[in-house]
Amino acid sequence: MTRQHRLLEVINFSNICLSEKNNLTVINAKTDVPYGSFSSANLILVQSFATFYDELDTFGYTVSVEMTQNTDVSIVHIPKSKIEGYGNIAKTIKMTNNCIIVDGNKKDGIDSYLKKISKITEISNISIKNHGKAFCFDPKKIDEKILNGWEKDADIKKNEDGFFTAEGMFSSKRIDKGSYQLAAFFKNMLKGRVAELGAGWGWLSVEALKQNIDKIDIFEGFYPSMQSAKLNINDPRATFYWIDVMKINAKRQYDIVIMNPPFHLGQASDSSVGNDFITKATEMLNNNGTLVMVANRQLPYEKNISKLFKNVTISHVQSGFKIIQAKKPKNLLNR
């Protein structure tokens, strides 16, 4: 509850009005903060990751993937990317009438936000608790030219390889080496009905569509990445799904699944997400289906994947990656 305590302290010290007549909007809303306990204000939570969006929705909150309407008070939880964070703050400032609270942990750079914003406007109150800070300011006192610059930096635009991306997405500046190795491996290999899990801004699907496949279903949980993928792919064989991969209900529908799964939970490397993706792929593939994926060599997927597939081949490729090709998923219902 440390984040909650920081926010409550700033709200109370700043005498922020959060009655039932007010609107409170929370950007990058967290699943471990009981926002409803703050006040009786009309509450809207903004969360673009499908997993967290779904969890907040089950709590009974009103949740949106984007900020779409003006509000009286806003709370902005900073993301890992500073460019993305300032873009969020700029948009929030333009749509907030009374005051904004910025909250974050030290490891995510909250001190640099406080330093930068304090140079362009007055900070009314600061709460420092448990390796994090929350601070408040008046949104009407910041020059709009500054905000336009922050927004422009964070906008979706073409990267150095000519694809639409934005800060905060995986490998936004260029095609990542692992995906490049995977695309080279599956060249002239794909057929039938294909799915990509955790597609990001869609480059692997772009490469898959160069082959004679029937269709590809593109699954991605980060809404801005999905919006970029739609800009990068214009092919009637492609269908897009913004969804938590683990909630896909598509049993035995695909001939091939391709993926470069995420391998982080927070700051630390963690193979559990990739193993969950592998399990989901097993459910989605038909009885003679094939999973083709790339991973960092040190990630321990072999034990799990050998339990789930009859035939597994692992190829070590350049730049510290391995390609895993797994054929004929075992029937999970009989395990």
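Thr121 meets the side-chain hydrogen bond (donor to acceptor under 3.5 Å, both in side chains) test with no other residue; sequence neighbours excluded. Asn70 is linked by a side chain to side chain contact (heavy atoms under 4.5 Å, CB included) to Met95, counting only residues two or more places apart in sequence or in another chain. Under the rule for a side chain to side chain contact (heavy atoms under 4.5 Å, CB included), the partners of Asn286 that lie at least two apart in sequence or sit in another chain are Asp255, Asn288. Shown here are the side chain to side chain contact (heavy atoms under 4.5 Å, CB included) partners of Ala326, two or more places apart in sequence or in another chain: Leu291, Ile305, Phe309, Val312. Residues passing the side chain to side chain contact (heavy atoms under 4.5 Å, CB included) test with Ile120 are Ile142, Ile146, Trp150, sequence neighbours excluded. For Glu55, the side-chain hydrogen bond (donor to acceptor under 3.5 Å, both in side chains) test picks out no residue, with sequence neighbours left out. For Asn88, the side-chain hydrogen bond (donor to acceptor under 3.5 Å, both in side chains) criterion is met by no residue, not counting sequence neighbours. Partners of Lys158 by side-chain hydrogen bond (donor to acceptor under 3.5 Å, both in side chains), not counting sequence neighbours: none found.
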For this session: Please lay out, stage by stage, how Ile278 and Lys307 fare under the test side-chain contact (heavy atoms from CB on, under 4.5 Å).
Result: CA-CA 11 Å; Ile278 291 167; Lys307 289 181 180 178; over 6 Å; no

Exercise. Can Lys310 and Asn287 be said to form a side chain to side chain donor-acceptor pair (under 3.5 Å), step by step?
Worked result: CA-CA 10 Å; Lys310 295 178 181 178; Asn287 292 334; over 6 Å; no

Problem set entry | Verdict with supporting geometry, Asn22 and Val73, side-chain contact (heavy atoms from CB on, under 4.5 Å) | CA-CA 8 Å; Asn22 299 118; Val73 178; 5.7 Å; no

Problem set entry | Verdict with reasoning, Asn130 to His5, per side-chain contact (heavy atoms from CB on, under 4.5 Å) | CA-CA 10 Å; Asn130 296 90; His5 295 153; over 6 Å; no

For this session: Mind running salt bridge (Lys or Arg N to Asp or Glu O under 4.0 Å) on Lys280 and Glu283 for me, showing each step along the way?
Result: CA-CA 5 Å; Lys280 178 55 65 174; Glu283 298 172 3; 2.9 Å; yes

For this session: Could you please spell out the steps behind the side-chain contact (heavy atoms from CB on, under 4.5 Å) verdict for Ile110 and Val102?
Result: CA-CA 8 Å; Ile110 188 62; Val102 177; 3.9 Å; yes

Problem set entry | Lys145 and Asp143: CA distance, side-chain angles, deciding distance, salt bridge (Lys or Arg N to Asp or Glu O under 4.0 Å) verdict | CA-CA 5 Å; Lys145 291 182 180 180; Asp143 189 337; 5.9 Å; no

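Here the side chain of Lys322 pairs no donor or acceptor atom with the backbone of Ala295 at under 3.5 angstrom. At distances below 3.5 Å, not a single donor-acceptor pair connects side-chain atoms of Asp161 with backbone N or O atoms of Arg174. With hydrogens and angles disregarded, no donor-acceptor distance shorter than 3.5 Å links the side chain of Ser127 to the backbone of Val10. Not a single donor-acceptor pair under 3.5 Å links the side chain of Ser306 to the backbone N or O of Lys303.
In this structure the side chain of Tyr301 never reaches within 4.5 angstrom of the side chain of Ile314, judged on heavy atoms. Looking at heavy atoms from C-beta onward, Val26 lies out of side-chain contact with Tyr61 at the 4.5 angstrom threshold. Two residues are said to be in side-chain contact when any heavy atoms from C-beta on lie closer than 4.5 Å; Lys91 and Lys94 fail this criterion. Side-chain contact between Met169 and Glu84 is absent, with no heavy atoms from C-beta onward closer than 4.5 Å. You'll find the side chain of Tyr86 reaches within 4.5 Å of the side chain of Tyr113, heavy atoms only.
Within 6.0 Å of atom CZ in Phe13, 12 or fewer heavy atoms from other residues, nucleotides or ligands are found, so the atom counts as exposed in its surroundings. Counting non-hydrogen atoms of other residues, nucleotides and ligands closer than 6.0 Å to CZ of Phe52 gives a total of 12 or fewer. More than 12 heavy atoms of other residues, nucleotides or ligands sit less than 6.0 Å from atom NZ of Lys247. Around atom CD of Gln69, no more than 12 heavy atoms belonging to other residues, nucleotides or ligands sit under 6.0 Å away. In this structure, Lys177 places its NZ atom where only 12 or fewer heavy-atom neighbours from other residues, nucleotides or ligands lie under 6.0 Å away. Other residues, nucleotides and ligands contribute over 12 non-hydrogen atoms within 6.0 Å of the NZ atom of Lys157.
The side-chain contact (heavy atoms from CB on, under 4.5 Å) with Val76 is formed by just one residue from the set Thr25, Ile89, Asn28; it is Ile89. Evaluated for a side-chain hydrogen bond (donor to acceptor under 3.5 Å, both in side chains) with Lys133, the options Asp103, Asp111, Asn105 yield exactly one hit, Asp111.
For residues 118-146, the set of pairs meeting the ring-ring contact (aromatic ring centres under 6.0 Å, His included) definition, not counting sequence neighbours, is empty. Applying the side-chain hydrogen bond (donor to acceptor under 3.5 Å, both in side chains) test to residues at least two apart or on different chains, the pairs with a partner in residues 226-236 are Asp235-Arg237.
A distance of 10.0 Å separates CZ of Phe321 from CG of Leu299, quoted to the nearest 0.5 Å. For the atom pair Gln318 CD and Gln181 CD, the distance stands at 5.0 Å (nearest 0.5 Å). Between the CG atom of Asn12 and the CG atom of Leu18 there is a distance of 9.5 Å, given to the nearest 0.5 Å. In this structure, CG in Leu197 is found 9.5 Å from CE in Met246, a value given to the nearest 0.5 Å.
Using a 30° and 60° split on the angle between ring planes, Tyr223 and Trp242 fall in the perpendicular class, above 60°.
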Please tabulate, for side-chain N and O atoms in residues 207-221, each donor-acceptor pair with protein atoms closer than 3.5 Å (sequence neighbours left out).
| unit_1 | atom_1 | unit_2 | atom_2 | d |
| --- | --- | --- | --- | --- |
| Glu207 | OE2 | Lys210 | NZ | 2.8 |
| Gln211 | OE1 | Asn188 | N | 3.2 |
| Gln211 | OE1 | Met189 | N | 3.0 |
| Gln211 | OE1 | Leu190 | N | 2.8 |
| Gln211 | NE2 | Phe186 | O | 2.9 |
| Lys215 | NZ | Asp217 | OD1 | 3.1 |
| Asp217 | OD2 | Arg193 | NH2 | 3.1 |
| Asp217 | OD2 | Tyr254 | OH | 2.5 |
| Glu220 | OE1 | Ala199 | N | 3.2 |
| Glu220 | OE1 | Gly200 | N | 2.7 |
| Glu220 | OE2 | Phe222 | N | 2.8 |

Considering only distance and modelled atom types, tabulate donor-acceptor pairs under 3.5 Å from the side chains of residues 41-51, sequence neighbours left out.
| unit_1 | atom_1 | unit_2 | atom_2 | d |
| --- | --- | --- | --- | --- |
| Asn42 | ND2 | Asn23 | OD1 | 2.9 |
| Gln47 | OE1 | Phe49 | N | 2.9 |
| Gln47 | NE2 | Ala29 | O | 2.8 |
| Thr51 | OG1 | Asp244 | OD2 | 3.3 |

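Residues Lys140 and Asp138 are paired through a salt bridge, judged by an N-O separation under 4.0 Å between the basic side chain and the carboxylate.
No path of Ile, Leu, Val, Met, Phe, Trp and Tyr side chains, each step under 4.5 Å between heavy atoms, connects Leu24 with Ile100, placing them in separate hydrophobic clusters.
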